[in-house]
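Contents: one structure, followed by commentary.
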Amino acid sequence: MTRMTARRRRQGGQALVVLALVGLALFGFGAIALDQGVGMSDRRDLQAIADSASLAGARSLPTSAATANWVALQYAARNLSLSPSAATPACSATTCAAGGHTIGNYTFTLTDNSGSLDLSISHTRRTLVAGVLGITTAVTASGARASKPGPATQAVNYAIVGVGGDVQVNGGGTGNPSGDVTGAVYAQGNFGANNGPHAVALPATVSGYTGSACSPSTANHVDVGGSSDTGNYTLGGVAGANLNTGVSAPTALTGFAPTTTGPTYSLNSASAWDASGNWNPGTYSGWYPSGTSVNNVGLVHTKMNPGVYVIQNVTSGIALSNLANAT
């Protein structure tokens, strides 16, 4: 009787050990599951912030990559209640380089691609319960990519670009460069005016629409695709100055040209004019909106409604009508 009682007591001790091990395992699984749930919630928050911050930064890509990086970092940090000025390495609108920038327990990694911005955010956080098992920290991360916006801010480094034929500006020669062309010019053929007295004037340095020189100061120039230029123009008061010949047509606007929502008009189509007799935006194939064109009821149309006009398959010189309804 005594021997059987002792055996039962030993078996009871073994059961306690097994129950303890099972309980510890269940606690471990529960702790990990709880922390994983917190991590998934954290990742969802980081994904939303990365999406919006990369999009905000990409809108500044036409300005510079450093500015785009700085905007994205500011947007992401402030959404996490962090101070962008505390980033390591330091960041600013002119010096924010691609790579990793750490603020507290967060690392923001910025990557500049061709026309897009990548942003990834990683968060090193303390675990809630799993630390009992020796798992004291966990890392949550998410990322996003955004592309820069299209044609409104796409730089071409020219004030006027003519990728086919000549570029002719009549009525120039005002003696005030801001009244003619304020920046550099590209013409596939020749650039200038119809004759010497009306020679187009360009300032010696690139200026804004007000005529004030841009900062930093940039020397102006005229580029043509041919081996010479016979047009009439003055640059900085000197006829034919700063001319570069044999220059390939710029391609910066490829794929970014604005498109028209208007239809394609056939020659002298009545739908090309509105009720007031003004030209409508659209595609003109083989002809163009000019004050010399007459419709089928004999009216001469001299003004163009604002919008995007696509003119194609025209081999002669083009003289457009004036703009109407502009404020």
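Excluded from the calculations below are hydrogen atoms, water molecules and symmetry mates; all remaining heavy atoms, backbone and side chain alike, are included. Quantities reported herein were computed from a predicted structural model and do not represent experimental measurements.
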Donor-acceptor check, side chain of Asn69 to backbone of Ala65, threshold 3.5 angstrom: yes or no?
yes
Which heavy-atom pair separates Pro250 from Val161 by the least distance, and what is that distance?
CG-CG1, 3.8 Å
Take Tyr284 and Gln312 through the test side chain to side chain contact (heavy atoms under 4.5 Å, CB included) and record every step on the way to the result.
CA-CA 6 Å; Tyr284 290 75; Gln312 59 190 23; over 6 Å; no
Hey, what's the ring geometry for Trp273 with Trp279, parallel, tilted or perpendicular (30° and 60° as the breaks)?
tilted
Taking Leu117's backbone N and O only, do any of them form a donor-acceptor pair with Asn113's side chain (distance below 3.5 Å, no angle check)?
no
Quick one: CG on Leu61 to OG on Ser147, what's the gap to the nearest 0.5 Å?
8.5 Å
Shortest non-hydrogen pair, Pro84 vs Ala77, comes out as CG-CB, 4.1 Å
N/O donor-acceptor pair under 3.5 Å between Asn105 side chain and Arg125 backbone
no
To the nearest 0.5 Å, what is the distance between CG on Leu73 and CD1 on Ile121?
9.0 Å
Using atom types as modelled, flag every donor-acceptor pair under 3.5 Å from a side chain in residues 216-224 to any protein atom, sequence neighbours excluded.
from, atom 1, to, atom 2, distance (Å)
Thr218, OG1, Pro216, O, 3.3
Asn220, OD1, Ala184, N, 2.8
Asn220, ND2, Pro203, O, 3.1
His221, ND1, Asp223, OD1, 3.2
His221, ND1, Asp223, OD2, 3.2
Asp223, OD1, Asn244, ND2, 2.8
Asp223, OD2, Tyr158, OH, 2.6

Closest non-hydrogen contact found for Pro89 with Gly100 is CD-O, 3.4 Å
Side chain to side chain contact (heavy atoms under 4.5 Å, CB included) between Val200 and Leu202, worked out:
CA-CA 7 Å; Val200 185; Leu202 288 81; 4.1 Å; yes
Let me see the working for Leu320 and Met304 under side chain to side chain contact (heavy atoms under 4.5 Å, CB included), right down to the final yes or no.
CA-CA 8 Å; Leu320 299 176; Met304 299 166 59; 3.9 Å; yes
All side chain to side chain contact (heavy atoms under 4.5 Å, CB included) counterparts of Ile160, not counting sequence neighbours:
Val167, Val169, Val181, Val185
Identify the heavy atoms of Pro281 and Val308 that sit nearest to each other, and give their distance.
CB-O, 3.6 Å
Run the side chain to side chain contact (heavy atoms under 4.5 Å, CB included) test on Leu110 and Asp118 for me, step by step, so that the C-alpha distance in whole Å, both residues' side-chain angles and the decisive distance to 0.1 Å come before the verdict.
CA-CA 6 Å; Leu110 297 153; Asp118 288 357; over 6 Å; no
So how far is it from Asn278 CG to Asn305 CG, rounded to the nearest 0.5 Å?
5.0 Å
Supply the atom-to-atom distance Ser122 OG to Arg43 CZ, rounded to the nearest 0.5 angstrom.
12.5 Å
Verify whether one side chain among Asn313 and Ser285 offers a donor that lies under 3.5 Å from an acceptor in the other.
yes
In short, ring pair (Phe, Tyr, Trp, His ring centres under 6.0 Å) pairs touching residues 63-111 with sequence neighbours left out are Tyr106-His123
If we only count heavy atoms from C-beta on, is the Tyr233 to Leu243 side-chain gap below 4.5 Å?
yes
Non-hydrogen atoms of Gly57 and Ala68 that approach each other most closely
O-CB, 3.1 Å
Checking Ser64 side chain against Thr67 main chain: does a donor-acceptor pair fall under 3.5 Å?
yes
For the CZ atom of Arg44 and the OG atom of Ser142, what is their distance to the nearest 0.5 Å?
11.5 Å
Rounded to the nearest 0.5 Å, what separation is found between the CD atom of Gln74 and the CG atom of Leu82?
13.0 Å
Okay, side chain of Tyr186, backbone of Ala249: is any donor-acceptor separation there less than 3.5 Å?
yes
Tell me if a side-chain donor or acceptor on Ser269 pairs with a main-chain N or O of Tyr265 at a distance below 3.5 Å.
no
Please confirm whether the backbone N or O of Ala48 pairs with a side-chain atom of Ser52, one donor and one acceptor, at under 3.5 Å?
yes
Testing the basics here: between Ala66 and Thr95, what is the closest heavy-atom pair and its distance to 0.1 Å?
CB-N, 4.2 Å
For Ile311, does its backbone N or O pair with a side-chain atom of Trp287 as donor and acceptor, under 3.5 Å?
no
